[in-house]
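These notes are about the structure you will find just below.
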Amino acid sequence: MNAIAIKHNDEIIDLQTAKELGFEGEQIHLDNSPEALEVLRHSTAHLMAQAIKSLYPDAEFYVGPTVKEGFYYDFKTSADIGEGDLKKIEKQMLSFAKKKYEIQKYEISMEEAREKFKDDHLKQAVLDMIPDDKVSIYKQGDFEDLCRGPHLPSIGLIRNFKLTKIAGAYLGGDSKNEMLTRIYGIAFADKESLKAHMTMLAEAEKRDHRKIGAQMKLFTFREEVGAGFPIWLPAGGRLRARLENLLFKAHRKRGYEPVRGPEMLRSDLWMTSGHYQNYGENMYFTKIDEIEFGVKPMNCVGHIKVYEDELHSYRDLPIKYFEYGVVHRHELTGALHGLFRVREFTQDDAHIFCRADQIEEQIIEVVDFVDKIMSTFEFDYKMMVSTKPEKAVGDDKVWEVSTQALKNAMDKNNLVYEIDEGGGAFYGPKIDIKITDAIGREWQCGTIQLDFNLPERFKLEYNGEDNDKIQPVMIHRAILGSFERFIGILTEHYAGEFPMFIAPTQVAIIPIADTHKEYAKLLSDKLIDIGADAEIYAKNDSLNKRIRTAEKTKVPMLIIVGDEEVEGKTVAVRDRRTREQYNLSEEEFLTLIQTKINEVNF
RNA sequence: GCCGACAUAGCUCAGUUGGCUAGAGCAGCUGAUUUGUAAUCAGCAGGCCCGGGGUUCAAAUCCUCGUGUCGGCACCA
């Protein structure tokens, strides 16, 4: 097999460049190694551009990089291009590929490039970003493009690719700029890998929480209700209640007190907090008797009012309030996405009011709490320290101190984190917990935010040792983030096959004939007594049909009761996965369920 | 919000170039059957074809404005 590029000083260098500079190094062959795919996909992007240019001669091209799972190219044309045109472009790509044009490289000066692309405003924008005074041009057939490379030696090597989606994208990723057309694609070294990739995508789609949510009747949305307002169905209600109960106990063990603030508060309070000025566009407002109220987008102000209800001593700190707080936020229509992005959601929210010297231990305690829960669900997650955003309240100095405090707490405890510059809340820096979902997407769930600003704005205080008034520090935190998003992620994570301790229904009971219904009901009652939910499948359907129906609900355990079971006070258990059967005495069965439900606590 | 696509029964989908009473499977209801481990049989019911305007002798089908959904971008738990 011939080389398609070489590796020189850990950099992928294409053959064109290697020849020009006389570089030598380890050969890269056309296989599915990350290096080979990088080159292949980049050249496929160019081949796509060539095809687009031939079909839409007025097309101007911006950038066409490789990304995690493929490549894309951003361009602009006066023609209307839709999904239906992807096939046409693919076909054109293939016909060019068959001509096996060599990919040639040459260099010109920045000045020459400016002149060469003088009528192409997108190329000018690309040139703006290049600091060098020389740029390289890659040419295949009569198509040429400004590019840094690396590229294949010939487009004839490109065979196994697919254009996957067409979308709009802002020039330079800035919503103030014009919108370009973006086409995404994927390419592999061989046909089988491409096919496997497409199968994998189809499999991932089957896990989609929106699909499973509908199948399992967890939740729904209705046009007449409004976009972004989820409706929780009975099965979803049961699952959610299990999660809420587990988490409630976990909070109580850690010294949190349940509280509850109102759904809306007067606008002057939101001005004091700064939400009105900094978060107003995401809030919903209404008027009551001529006074403006804001529906809460966060729970902190309510908790501040709880704190203000009595005087506090330094001895009482930290004080921790928690609430399953329902919040409303005006998300843009295009951002809405199943349970992952909604306009009304419930946070597992808490606020810790503490002394400055308690910050570190409190943060570490929360991080431990997060880790306990994430590991219970076997989630991979990472932590990001987010710093001061553009829109922010408070002194830069305060921001510096609090950001450093977060980092110190993490560093001292050898916790690994990344930095998200400018990603903080408007009132303080934060540590975000990002979960990786089933398809590799990252979702922000938990968050730990350090806030010196709201205590200052609300003039919060406690009595110190010398009876002096001292301002407490606030830590805002959520662990799941929101029940909506978290349950969405859980659904995809388990593909709907929830573990016993949170499943909407723990046991499906199938009585063989009407005469066994009574025993089924007795078992169901006993299950409820030990905190499990059961569903009896006693409809006038065949036994086989009812087993099929029950299994399709993804219930963790299915038991069948007939004459033998009623007589011997036993149950016949059917394993969901293996379809194997075994018998348990009623007592063994109940103990097993109880153990499985209780084996998890946070 | 922006770019592109889509919207037919509770669900998944058919419905020809605009043309007779809009179809199917599953789910639901009724009856028969009383079942030992993944679909018993028969019958019935179910639709403002997303909503408003328009074009046309005639609209599920064409145009237009909304609403919602999907894929991205931008924004975020």
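Hydrogens, waters and symmetry mates play no part in the numbers below; they use all other heavy atoms, side chains included.
Not a single donor-acceptor contact under 3.5 angstrom links the side-chain atoms of Y170(A) to the base of rG72(B). Under 3.5 Å, the side chain of R574(A) and the base of rA38(B) form at least one donor-acceptor pair of N or O atoms. Put simply, the side chain of S482(A) and the base of rA77(B) share a donor and an acceptor less than 3.5 Å apart. Residue R341(A) places a side-chain atom within donor-acceptor reach of the base of rC75(B), judged by atom type and a 3.5 Å distance cut-off alone. For E551(A) and rA38(B), a side-chain-to-base donor-acceptor distance below 3.5 Å is present, hydrogens and geometry of angles not being considered. The base of rG36(B) is paired with the side chain of E565(A) by a donor and an acceptor separated by under 3.5 Å.
In this entry rU56(B) has no Watson-Crick or G-U wobble partner, no candidate having both defining distances under 3.5 Å. Checking rC29(B) for Watson-Crick or G-U wobble geometry (two distances, each under 3.5 Å) identifies rG43(B) as its partner. Searching all strands for a Watson-Crick or G-U wobble partner of rC73(B) with both distances below 3.5 Å returns rG1(B). The base-pairing partner of rG68(B), taking Watson-Crick or G-U wobble contacts with both distances under 3.5 Å, is rC6(B). As the counterpart of rC20(B), no nucleotide is assigned, since no Watson-Crick or G-U wobble pattern has both distances under 3.5 Å. Pair assignment for rC48(B) gives none, since no Watson-Crick or G-U wobble pairing has each distance under 3.5 Å. Pairing partner, rA14(B): none, since no Watson-Crick or wobble contact has both distances short of 3.5 Å.
Between the P atoms of rC3(B) and rG46(B), the separation comes to 43 Å (whole Å). Separating the P atom of rG52(B) from that of rG25(B) is a span of 30 Å, rounded to the nearest Å. When the C1' atom is used for both rA60(B) and rU8(B), the distance is 7 Å, rounded to whole Å. Distance noted for atom P between rA59(B) and rC76(B): 48 Å (whole Å). rU67(B) and rG31(B) have their P atoms separated by 47 Å, given to the nearest Å. Nucleotides rG72(B) and rC11(B), compared at atom C1', are 28 Å apart to the nearest Å. To the nearest whole angstrom, the two P atoms, one in rA74(B) and one in rU16(B), are 40 Å apart. Taking atom P on both nucleotides, rC65(B) is separated from rG4(B) by 13 Å, rounded to a whole Å.
A salt bridge links K296(A) to E323(A): at least one charged side-chain nitrogen sits closer than 4.0 Å to a carboxylate oxygen.
Under the 6.0 Å cut-off for aromatic ring centres, F75(A) and Y56(A) do not qualify, their centroids lying 6.0 Å or more apart. Taking the six-membered ring wherever Trp is involved, the centroid distance between the rings of F285(A) and Y276(A) falls below 6.0 Å. When ring centroids are compared, H251(A) and F602(A) stay outside the 6.0 Å threshold. Side-chain rings of Y279(A) and Y427(A) stay apart, their centers remaining 6.0 Å or farther from each other. A distance of 6.0 Å or more separates the ring centres of F71(A) and H42(A). For H197(A) and F188(A), the ring centers sit closer than 6.0 Å to each other.
Counting only heavy atoms from C-beta on, Q347(A) has its side chain closest to rA77(B) among rA77(B), rC73(B), rG36(B). Considering only the side chain of E83(A), rA5(B) comes nearest among rU40(B), rG71(B), rA5(B). Listed nucleotides rG72(B), rA39(B), rA77(B) differ in distance to S542(A); the shortest reach to its side chain belongs to rA39(B). If you check rU37(B), rG68(B), rC70(B) against the side chain of A227(A), the one that comes closest is rG68(B). In this structure, the nucleotide among rA38(B), rG72(B), rU34(B) sitting nearest to the side chain of I547(A) is rA38(B). Side chain of R485(A), nearest nucleotide from rG4(B), rA77(B), rU37(B): rA77(B). Each of rU35(B), rA77(B), rC73(B) was ranked by its minimum atom distance to the side chain of I512(A); first place goes to rU35(B). Checking rG72(B), rA39(B), rA77(B) against the side-chain heavy atoms of A167(A) singles out rG72(B) as nearest. Distances were taken from every side-chain heavy atom of L332(A) (C-beta onward) to each of rG71(B), rA74(B), rC73(B); the shortest belongs to rA74(B).
Listed pair K554(A) / rA38(B) fails the phosphate criterion, with no side-chain N or O lying under 4.0 Å from OP1 or OP2. In this structure, Q444(A) does not reach the rC76(B) phosphate: none of its side-chain N or O atoms is under 4.0 Å from OP1 or OP2. In this structure, R546(A) does not reach the rU34(B) phosphate: none of its side-chain N or O atoms is under 4.0 Å from OP1 or OP2. Distances shown here put every side-chain N or O of K434(A) at or beyond 4.0 Å from the OP1 or OP2 atom of rA77(B). Between N544(A) and rA39(B) there is a side-chain polar atom (N or O) within less than 4.0 angstrom of OP1 or OP2. Phosphate contact (OP1/OP2 of rG28(B), side-chain N/O of K539(A), threshold under 4.0 Å): present. Between H516(A) and rU34(B) there is no side-chain polar atom (N or O) within less than 4.0 angstrom of OP1 or OP2.
Distance R240(A) CZ to rA77(B) C1': 13 Å, rounded to the nearest Å. We find that CG of L180(A) is positioned 12 Å from P of rC3(B), with the value rounded to whole Å. A straight line from CG of D541(A) to C1' of rA42(B) spans 14 Å, rounded to a whole angstrom. With rounding to whole Å, R343(A) atom CZ is found 8 Å from rU69(B) atom P. Taking atom CE of residue M216(A) and atom C1' of nucleotide rA27(B), one finds them 17 Å apart after rounding to whole Å. One atom, CZ of F221(A), and another, P of rC70(B), lie 8 Å apart when rounded to the nearest Å. Remark: P of rC75(B) and CD of E331(A) are 13 Å apart, rounded to the nearest angstrom. Between F426(A) atom CZ and rC76(B) atom C1' the separation is 15 Å, expressed in whole Å.
Counting non-hydrogen atoms under 4.0 angstrom, Y72(A) reaches nothing in the nucleic acid. Among the protein residues, R222(A) comes within range of no part of the nucleic acid, since none of its heavy atoms lies under 4.0 Å from any strand. Among the protein residues, L543(A) comes within range of the sugar-phosphate backbone only, with heavy atoms under 4.0 Å from sugar or phosphate atoms but none that close to a base. Base contact: E564(A) has a heavy atom under 4.0 Å from a base atom. Residue L558(A) is out of contact with every strand shown, counting any heavy-atom pair closer than 4.0 Å. Nucleic acid contact class of G173(A) (heavy atoms, under 4.0 Å, all strands): sugar-phosphate only. Within 4.0 Å of T181(A), counting heavy atoms only, lies no atom of the nucleic acid at all. Counting non-hydrogen atoms under 4.0 angstrom, N282(A) reaches nothing in the nucleic acid.
Side-chain contact check for E178(A) and H121(A): at least one donor-acceptor pair (N or O, by modelled atom type) lies under 3.5 Å. With hydrogens and angles left out, the side-chain atoms of H351(A) and N299(A) include no donor and acceptor closer than 3.5 Å.
Counting non-hydrogen atoms of other residues, nucleotides and ligands closer than 6.0 Å to CG of D80(A) gives a total of 12 or fewer.
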